[in-house]
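Some notes on the structure that comes next.
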Amino acid sequence: MKISKEPKGIKKEYDDAVSFNTKIELYDNVKKNHNFYIGKQWEGVYAPDLDKPVMNFIKRVIGYQIAMLVSDDIGVSITPFNEDDEASQALSKVIAKEIDRALEKSKFKAKTRKILKEAAITGDGCFYFWFDPSAETGQKVKGIIQVDQIDAVNIMFGNPYSTDVQAQPYILISQRRSIESVKLEAEENGLNAEQIDSIKPDNDSTQVNDDDIDKLCTVIIKLYKENKAVEETDEYLGIPVKKEIKTVKFMKTVGDIVLKEEVDTGMTLYPIAFMNWEEQKNCYHGQSPITGLIPNQIFVNKLFAMCMVFVINNGFPKLLYDSGKVAEITNAVNDAIAIERMDLAGDLLRYTQTPDFSNQILQLIDTCINYTRDFMGASDAALGNVKPDNTSAIIATQQATAVPLENQRLNFFDFVEDSVRIMVDMMAAYYGNRQAKVESENEMPGQVINLNFSDLREMNYDLNVDIGTSSYWSELVQAQTMDNLLTKGVIQDAVTYLENIPDHMVKNKQKLIDSIKKKQIEQEQQAQAMALTQAGIDPAAMQQLPVEAGLI
């Protein structure tokens, strides 16, 4: 496949991708999902005399699902192919440590919470990795790996019918940036004055909350792979061998000009990690759970609005009066209704009885909310809307309701593992020669070595990413388990019991532990003194004997 590198060709690819996204209603769904998540659920409805209540159960359900998947506990281990080689083992530990450091510096773990939220709302989660060559590292060599979140509407695959990122012929990333920043970058990249002046603001209707069309323009980053001849040393023959590999290149365009010429990154993987919340057949975009919940949310809001109208209009009896005999009358709660010839009924004033409000409406609202939450795996036990009398039953219920999220959990795990592999690829391409620390197995300080990270390309290794999941009830389970062990006599030491109880569950826990330990020491001393007394030995005399006597 021939890769288009002209601004017009890239603009056509961008327009085709926008047409595809428009056909699957991506932009409308993303905007609507965001509005319903944050509570803007009456947007576009013209009803000036109608109260617009929002019973936002969507946010509660989505918040629960995100909390069930998110985790800050991400560990990386690398195992060399030859596990008997001590040098390879040591190098693997160094690389694993550098990956942990890269995850920490880029705040990757914190950003995974945002990406899960974005995936739940829009259907897609996307990370874009890039190398910042000016960032300080604490040594002479600069540059660290950075991670940016890309919105679902701003990532476009060359083959929109496949979710396989690395198999894409090209990937487009659109950015909405200020005119000033784009012109400054154009000047830094050596563009002439005529090209810089041709950079004009444009309107992009595909963006959410993008109304400032006079100051923003669209910059397109195009990523693609092309063959490159490289020379590597044969592992067995020890001689240089020429071969071809595919490396990732990128370029930037804005309007009809090239903002940045083609750059060979030296990477073999696209710096894109991508996940779907719920896969769709023959489409790289996923499906958000909010999209299916919106009709239920609208139904609940409408019923509540109608209930409020009924209560306002009929919550109090209406006052009728004969306007032929009473000139004017007031009703503080609601307006009185004037009628003529009321005396025919023998009345001067009359209150009309309003009909009773049907409880079936409230029952229908509750049923709709409960069914929706249950079908989404967010039952009352999972959300904590129950009294925790039986912790084991709550845990069992929570685990059962979390089963529908298993596919999302596996998608997230694959997403994190892809991210780590991309980081390793970027280290091999950009890190060069750097200092790394080899941790000592004993208590001696670690050793600092110079490491050529480009050797990672020739390293045969297995990468394992371990991700720990969080649980709402983990602390309750811990406390309940310790209570059972203490009750059954498995644990007989109060100090051991307290040390295994979460800190915030016992106020001044450490002081309490110290007090118990002090009391235990005093009891032991008293027991020893009593034993000596029963043996006819004076405890005070024992304390005065020298240590050399061997009695103390």
Side-chain angles (χ1 to χ4, degrees), residues 1-30 122-130 148-177 179 182 185-186 189 191 195 198-208 210 213 216-228 246-265 267-276 280-286 422:
M1 178 180 178
K2 185 178 180 180
I3 303 297
S4 176
K5 301 180 182 180
E6 297 296 329
K8 290 184 179 179
I10 296 176
K11 183 64 167 59
K12 183 180 183 305
E13 293 172 345
Y14 174 77
D15 292 338
D16 291 341
V18 171
S19 298
F20 176 84
N21 292 339
T22 303
K23 185 167 58 178
I24 64 174
E25 300 180 347
L26 174 70
Y27 305 114
D28 292 338
N29 287 336
V30 167
T122 65
D124 302 317
C126 181
F127 272 160
Y128 172 56
F129 297 83
W130 58 283
D148 287 342
Q149 175 183 324
I150 303 295
D151 292 340
V153 298
N154 293 332
I155 184 77
M156 302 163 182
F157 288 0
N159 179 12
Y161 305 103
S162 172
T163 58
D164 189 349
V165 175
Q166 301 306 326
Q168 294 297 323
Y170 62 85
I171 297 176
L172 302 181
I173 300 174
S174 65
Q175 296 177 320
R176 292 290 288 168
R177 295 173 51 185
I179 291 293
V182 176
E185 182 179 351
N189 293 338
L191 273 68
Q195 290 174 317
S198 67
I199 300 176
K200 302 294 183 182
D202 55 33
N203 181 22
D204 191 345
S205 60
T206 64
Q207 306 298 311
V208 178
D210 182 8
I213 62 176
L216 301 177
C217 62
T218 300
V219 176
I220 301 175
I221 302 175
K222 182 172 183 177
L223 299 161
Y224 50 93
K225 294 181 180 181
E226 285 187 337
N227 290 331
K228 176 183 178 181
K246 283 193 172 185
T247 61
V248 177
K249 299 181 180 180
F250 80 94
M251 59 185 299
K252 293 182 182 181
T253 64
V254 54
D256 295 330
I257 65 172
V258 176
L259 183 62
K260 189 175 185 64
E261 296 289 346
E262 179 184 76
V263 176
D264 187 351
T265 65
M267 298 175 57
T268 59
L269 300 177
Y270 283 123
I272 299 291
F274 192 78
M275 69 169 286
N276 295 142
Q280 295 189 87
K281 191 174 180 61
N282 295 328
C283 181
Y284 76 101
H285 286 296
I422 291 170

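The residues of the chain are indexed from 1 along the displayed sequence.
- Side-chain contact between L216 and P201 is absent, with no heavy atoms from C-beta onward closer than 4.5 Å.
- The shortest distance between side-chain heavy atoms of T122 and D151 does not fall below 4.5 Å.
- Between I272 and F127, the closest side-chain pair of non-hydrogen atoms is not below 4.5 Å.
- By the 4.5 Å heavy-atom criterion applied to side chains, P169 and Y224 are not counted as neighbours.
- Using bins of under 30°, 30° to 60° and over 60° for the plane-to-plane angle, the ring pair F274/Y284 lands in the tilted bin.
- Scanning both residues, G158 and P160, for their nearest heavy atoms gives O-CD, 3.4 Å.
- Two residues are said to be in side-chain contact when any heavy atoms from C-beta on lie closer than 4.5 Å; E226 and K246 fail this criterion.
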message: If you apply the rule side chain to side chain donor-acceptor pair (under 3.5 Å), what do you find for K225 with Q168, and how did you get there?
response: CA-CA 9 Å; K225 294 181 180 181; Q168 294 297 323; over 6 Å; no
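- With values rounded to the nearest 0.5 angstrom, S174 atom OG is found 4.5 Å from Y14 atom OH.
- Contact record, L223 with V248: CD2-CG1, 4.3 Å, taken as the closest heavy-atom pair.
- Defined by atom type and a distance below 3.5 Å, a donor-acceptor pair is present between the side-chain atoms of H285 and N21.
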Q. Should F157 and Y170 be marked as a ring pair (Phe, Tyr, Trp, His ring centres under 6.0 Å) after you check the CA-CA gap, both sets of side-chain angles, and the distance that decides it?
A. CA-CA 6 Å; F157 288 0; Y170 62 85; 9.8 Å; no
**Prompt:** Would Y128 and Q175 count as a side chain to side chain donor-acceptor pair (under 3.5 Å) if you check the C-alpha gap in whole Å, the side-chain angles of each, and the deciding distance to 0.1 Å?
**Reply:** CA-CA 12 Å; Y128 172 56; Q175 296 177 320; over 6 Å; no
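- Counting heavy atoms from C-beta outward, P7 and I257 have side chains that stay 4.5 Å or more apart.
- In terms of the side chain to side chain contact (heavy atoms under 4.5 Å, CB included) criterion, residue partners of D264 (sequence neighbours excluded) are, by chain and number, K228, T247, K249.
- The shortest non-hydrogen separation linking M251 to K5 is CE-O, 3.2 Å.
- Checked for salt-bridge contact, K252 and E261 miss the test: no charged N lies under 4.0 Å from a carboxylate O.
- A donor-acceptor pair is defined here as one N or O able to donate and one able to accept, closer than 3.5 Å; no such pair exists between the side chain of N189 and the backbone of L191.
- Distance check, rounded to the nearest 0.5 Å: SG of C283 to CG of D124 gives 8.0 Å.
- None of D16, L172, I220 except one satisfies the side chain to side chain contact (heavy atoms under 4.5 Å, CB included) rule with M156; the exception is L172.
- Salt-bridge annotation for R177 and E185: present, with a side-chain N of the basic residue lying under 4.0 Å from a carboxylate O of the acidic one.
- Residue D256 places its CG atom among 12 or fewer non-hydrogen atoms of other residues, nucleotides or ligands, all under 6.0 Å distant.
- Between M267 and L269, the shortest heavy-atom contact is CE-O, 3.4 Å.
- Inter-residue side-chain proximity for L259 and V182 is flagged as met; some heavy-atom pair is nearer than 4.5 Å.
- Using a 4.0 Å cut-off between a side-chain N of Lys or Arg and a carboxylate O of Asp or Glu, D15 and K8 do not qualify as a salt bridge.
- A donor-acceptor pair under 3.5 Å is formed between the side chain of K222 and the backbone N or O of S4.
- A side chain to side chain contact (heavy atoms under 4.5 Å, CB included) with R176 holds for exactly one of N154, D202, V219; it is D202.
- Around the CD atom of E6, the shell of radius 6.0 Å holds no more than 12 heavy atoms that belong to other residues, nucleotides or ligands.
- Across Y270 and Q166, no two heavy atoms sit closer than the pair N-OE1, 2.7 Å.
- Side-chain contact between I173 and I150: present, with at least one pair of heavy atoms (C-beta onward) separated by less than 4.5 Å.
- Contact record, I199 with C217: CG2-SG, 4.3 Å, taken as the closest heavy-atom pair.
- The main-chain N or O of Q195 is found under 3.5 Å from a side-chain atom of S198 such that the two form a donor-acceptor pair.
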